Amino acid sequence: MSDIYEPPEGLKASAHIHAMQDYRNRYAESIGDPAKFWGEIAKGFHWQTTPTADKFLTYNFDIRKGPIAIKWMEDGVTNICYNCLDRHLPQKGSQIAFYWEGNDLEDEKTITYSELHREVCKFANVLKRNGVKKGDCVAVYMPMIPELIISMLACSRIGAVHSIVFGGYSAESLAARIIDGGIRTLVTADGVWRGNKLIHSLEVVDQAMAIAKKAGHPIEKNVVVRHLIRLHHGNGSASEKEAYEKILASSWNNERDSWWEDEMKEASEQCDVEWMQAEDPSFILYTSGSTGKPKGVLHTVAGYMLFAATTFKFTFDFRPDDVYWCTADIGWITGHTYVTYGPLLNGATSVLFEGTPFYPSNDRFWQVIQKYKVSKFYTAPTAIRALMKFGEDFVDKYDLSSLKVLGTVGEPINPEAWLWYHKYVGNSKAAIVDTYWQTETGGHVLTPLPGCTPTKPGSACFPFFGVIPVILDEEGKELEGPAEGYIAFKKPWPGIMRTVFGDHKRFEQIYFSRFPGYYMTGDGAKRDADGYIWITGRIDDMLNCSGTYCFDFLQLTPQTKMPLMHPGHLMSTAQVESALVEHSNVVEAAVVSCPHPVKGECLYCYVTPMEGVHIDASMAKELRILVREKIAPFASPDYIQEAIHLPKTRSGKIMRRILRQIAANDPDLGDTSTMADSTIIPSLQEGRRKVV
Ligand code: PRX
């Protein structure tokens with residue numbers, strides 16, 4: 001029986017939901033009559049045409065009965081940008097929407113709601129002037145700067161579908177997203193400092209555009225934010241400046257590229273919104289697929305809006321005087337829902353952070369919390385584990401007494417990290433909310449509520465309103481009481497994805513075919529005797545990988561080799577395998593996830609080289625570079641083991657379970673009877689000692 005932490009008394013008294021009975025009643029209502037429950041919530045938004053009760057929800061979750069379809073508030077007409085900005089202007093025009101905190105300590109600025117509205121209108125006009133129309137897809141590849149949020153909202157304002165591509169992705173990954181989305185318009189920046197390292201985004205974007213063009217997808221317009229302006233004002237070395245000038249000269253194309261500031265100069269501050277049908281597409285965000293090719297998860301306008309706003313309000317117990325900070329990058333779903341849309345839909349004041357937790361020193365998070373008196377803070381277990389290593393002194397130096405709610409997301413949080421977060425960051429007075437969700441779910445699907453849920457460290461506790469989790473066995477039978485199995489959901493909630501962009505069959509196949517009648521998450525979970533749900537991790541060939549991003553991308557010193565704050569990037573092992581086999585001396589590769597004390601999980605790669613070739617340090621380096629180029633620096637393999645043979649079934653399938661156990665140094669390999677040749681096991685176990 002694990003310890004239970006009651007909600008903090010101070011929070012409980014004033015919380016939106018301050019008793020479990022209240023939660024249970026509202027939860028029952030949300031399940032019993034979704035139209036009534038969400039209809040009441042919808043009243044808090046602006047609708048050009050209010051959705052009617054009869055068409056509030058229509059869906060088919062059962063592949064045996066026909067195509068999967070999910071429609072919420074189908075006859076409603078609204079606009080998410082209008083609800084984020086225009087709706088608040090009369091009361092909140094001069095309120096700060098974002099405190100922007102840059103990579104360097106002296107980089108900061110604020111943006112009020114009316115300033116944000118003005119910039120969004122101007123940029124929406126820029127997009128329109130460049131031919132972007134309702135339904136067109138625009139890709140945005142940028143660091144964490146206000147222009148990223150402005151671009152997203154400008155798209156939403158005119159009904160364009162945004163596809164945000166994480167600014168740390170390689171040219172190949174960006175190109176794949178440009179091609180898949182049929183993108184003609186890009187919004188980018190010239191570069192960014194991550195810690196001490198200067199990243200020349202201009203170069204990456206130019207390479208990506210060249211790849212896309214070759215594949216028949218030329219970019220017609222690339223609007224570039226001049227973010228490295230300070231390079232010209234002394235921030236940066238002469239060699240950095242020289243490199244920048246060189247890249248600019250070789251990549252800039254006047255026909256295609258223009259500076260953001262030039263485009264904005266002539267743009268009008270007036271821009272009517274495009275009124276959208278509730279089920280019109282709002283954005284695409286790519287997430288890894290287990291077959292390797294990323295899936296464009298598609299969310300639509302109104303359901304996502306309601307769910308982002310409502311989860312933000314209740315999970316963080318939002319109050320108008322809060323200063324809220326989510327450290328996730330907007331390139332991930334956490335940034336979409338809980339940096340941009342959720343906070344703005346609630347009229348919140350947030351911190352937008354460009355930097356890393358380790359620059360200029362390892363106490364940057366705590367400094368920023370003190371500086372802005374952050375009251376609600378949301379980060380990832382990997383960041384907490386990394387920061388724990390520096391000891392409590394780093395935290396104790398700062399006044400963190402403003403903190404009331406501390407959130408985590410992205411992977412299971414180990415109780416040790418949970419307890420440290422609670423004790424040292426929250427001073428045992430803040431509520432911890434371990435939020436479980438996915439790109440596909442749009443917002444939190446399992447989470448404690450800070451004013452009412454007694455929490456257990458490591459458990460995401462109970463479902464959010466409207467969400468019905470079940471635990472299924474191998475046969476798809478619902479398990480009652482304490483049980484362990486596959487976690488799935490029984491009915492749609494407003495924020496669930498609607499399709500995989502351009503491939504509805506793949507959507508049905510991935511999420512709805514294994515267990516007909518349910519949305520399958522791909523995660524395992526157990527339910528304890530008190531009904532608490534504990535996520536146990538992925539049950540497919542996916543992993544949450546985070547740390548290497550920091551090792552390689554930031555080129556930190558050995559002492560500060562710690563992962564960056566991004567939650568585990570969900571990636572498929574197949575993606576890494578296909579990159580590895582592109583090496584001319586590789587015959588085959590099998591990649592599995594392996595437990596890691598800081599990162600949670602890391603990448604362990606078994607590689608079969610060509611005959612006569614051995615994987616030495618230099619080949620390992622080439623393999624790592626290949627993966628970084630094909631996917632992203634964060635995907636760089638942690639361990640590479642030479643494997644002359646891989647364990648296979650008689651039908652030739654690689655037995656990843658065995659490889660996972662060997663990587664984790666588990667001596668008991670269980671049943672190996674289905675293996676074609678079990679005599680190779682000792683050499684695989686032996687090879688573990690020679691990883692590079
Ligand atoms: O495995 C689960 C894990 O992250 C996966 C979703 O990854 P992604 O779509 O990139 O979204 C990450 C941010 C929402 C899930 O399938 N995951 C996310 N949150 C938790 C988690 N695992 C355990 N506990 C969590 N709180």
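The basis for the numbers below is simple: all heavy atoms, side chains too, and nothing from hydrogens, waters or symmetry mates. It should be emphasised that the depicted structure is a prediction, and the values quoted were computed from it without experimental measurement. Both counts, for ligands and for their atoms, begin at 1 and track the order of listing.
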### Summary
Near Thr439 (heavy-atom distance under 4.0 Å), the atoms of ligand 1 are 8 (P), 9 (O), 10 (O), 11 (O)
### Query
For Thr337 and Tyr304, what are the C-alpha separation, side-chain angles and deciding distance, and is it a side-chain hydrogen bond (donor to acceptor under 3.5 Å, both in side chains)?
CA-CA 9 Å; Thr337 308; Tyr304 174 80; 2.7 Å; yes
### Task
Ignoring angles and geometry beyond distance, decide whether Thr521 reaches within less than 3.5 Å of ligand 1 through its nitrogen or oxygen atoms.
no
### Summary
Contact region, Pro412 to ligand 1, non-hydrogen atoms below 4.0 Å, reads both
### Message
Does the residue Gly410 have a heavy-atom contact with ligand 1, meaning some pair of atoms that are separated by less than 4.0 Å?
### Response
yes
## Note on the structure
The residue among His299, Glu279, His504 that forms side-chain hydrogen bond (donor to acceptor under 3.5 Å, both in side chains) with Arg498 is Glu279
#### Entry: Proximal atoms of ligand 1 relative to Val409 (non-hydrogen, under 4.0 Å)
13 (C), 14 (C)
#### Entry: Closest candidate by heavy atom, reference atom 25 (C) of ligand 1, pool Glu411, Glu601, His444, His336
Glu411
### Task
Name all pairs fulfilling the salt bridge (charged side-chain N to carboxylate O under 4.0 Å, His left out) condition that reach into residues 513-526, sequence neighbours left out, sorted by first residue then second.
Glu474-Arg514, Asp523-Arg538
### Message
Looking only at the side chains, is there a donor atom on one of Thr379 and Thr327 sitting less than 3.5 Å from an acceptor on the other?
### Response
yes
### Query
Between Phe512 and Tyr519, how do the two ring planes meet: parallel, tilted or perpendicular, split at 30° and 60°?
perpendicular
### Task
Enumerate the atoms of ligand 1 whose separation from the nearest heavy atom of Ile535 is less than 4.0 angstrom.
22 (N), 23 (C)
### Query
Which of the atoms of ligand 1 are close to Trp437, meaning less than 4.0 Å from one of its heavy atoms?
6 (C), 14 (C), 15 (C), 18 (C), 19 (N)
### Task
Please name the residue in the list Tyr341, Tyr378, Tyr338 that meets the side-chain contact (heavy atoms from CB on, under 4.5 Å) test with Phe312.
Tyr338
### Task
Show which atoms of ligand 1 fall inside a sub-4.0 Å distance from at least one heavy-atom site of Thr435.
19 (N), 20 (C), 25 (C), 26 (N)
### Query
Do any pairs count as a salt bridge (charged side-chain N to carboxylate O under 4.0 Å, His left out) and have a residue in residues 414-434, sequence neighbours left out, and if so which ones?
none
